[in-house]
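See structure below.
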Amino acid sequence: MTNNNQYKSIFLSDIHLGFNGCQNKKLEKLLINTKFENLYLVGDIIDFWSMEDKFYWPDGHQKILNIFESKFTEGTKVFYISGNHDDPLRDKSLLEKIMLKDDMYKKIIGLLKKFEHKERHNFVSDKYGRFLILHGDQYDAVTSNAKWLSKFGGMLYDALIIINRPMSKYLKNLTKKIVSGASGFQKLVKEECQKGNFSGLICGHNHRPEILKYETYIYMNTGDWVESCSAIVEEMDGTFKLIKVDENFDINTVSTL
Ligand SMILES: [Mn+2]
């Protein structure tokens, strides 16, 4: 543990529960050792795409949802901001269709329905002002225009992660590069902030954890729980930190804002 373990807010994305590459044990360690008033789930928490290809739902993955539920019962505010892999949560008819397929889906979705759901959330930080929270796939032209290509990239990645981790990391970056192209992401962040009068953006999606400043705009990416095992936290004094659970299950601070 780095310092104290009481946070105002914690931001998690790309957990990919339901995918066998998810490092749920490390996340469990973080969750049971920290307290927080607000929990922001920034998309791709459940990997419905992977579960559709091959149904997978071990107890350890259910346990993560149970921890979220008990934190909620104890008074933590939980905001679920949907991503592309949990897109049934964006579409009622898709959600109803999926619930008919397996009772486990019913159980999972029933639990998630307790939380507040949205695709974009306005977050106010005492120290830095207004932030836009969204998953990030909204900026990924190919994901919305041709879901199959992005899905293919995902499948390729899922297959490779089992064979070779460093290689899969390289390929993930490569497929993301093809998918998102040189989209001028920083320009996009700036435009989005100017449009909505935000100080910055908090997202996930590309599995690259970072805290960046572009001109006066702040960009924070929570990373993922497949490879980086990282989260963004807001301290009680308003400081933001990027934290990471390492191979020894120790929690370290990577960068601070
Ligand atoms: Mn995503």
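This is a predicted model, so every value here is computed, not measured. As a basis for the values below, the full set of heavy atoms in this structure was taken, side chains included, without hydrogen atoms, waters or symmetry mates. Each ligand, and each atom within it, is numbered from 1 in the order the structure gives.
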**OP:** Can you run down the salt bridge (Lys or Arg N to Asp or Glu O under 4.0 Å) pairs that involve residues 209-218, sequence neighbours left out, and say none if there aren't any?
**Re:** Lys190-Glu215
**OP:** Please check if the side chain of Lys101 supplies one atom and the backbone of Glu52 the other of a donor-acceptor pair under 3.5 Å.
**Re:** no
Subject >> N, O or S from Asn84 under 2.8 Å to the Mn ion (ligand 1) >> reply: yes
Original post:
Would you call Arg90-Glu119 a salt bridge at under 4.0 Å N-O?
Top reply: yes
**OP:** Measuring from the Mn ion (ligand 1), name the closest N, O or S atom belonging to Asp44.
**Re:** OD2
Subject >> NZ/NE/NH1/NH2 to OD/OE distance under 4.0 Å, Lys241 and Glu234 >> reply: no
Subject >> Atom name, His205 (N, O or S, nearest to the Mn ion (ligand 1)) >> reply: ND1
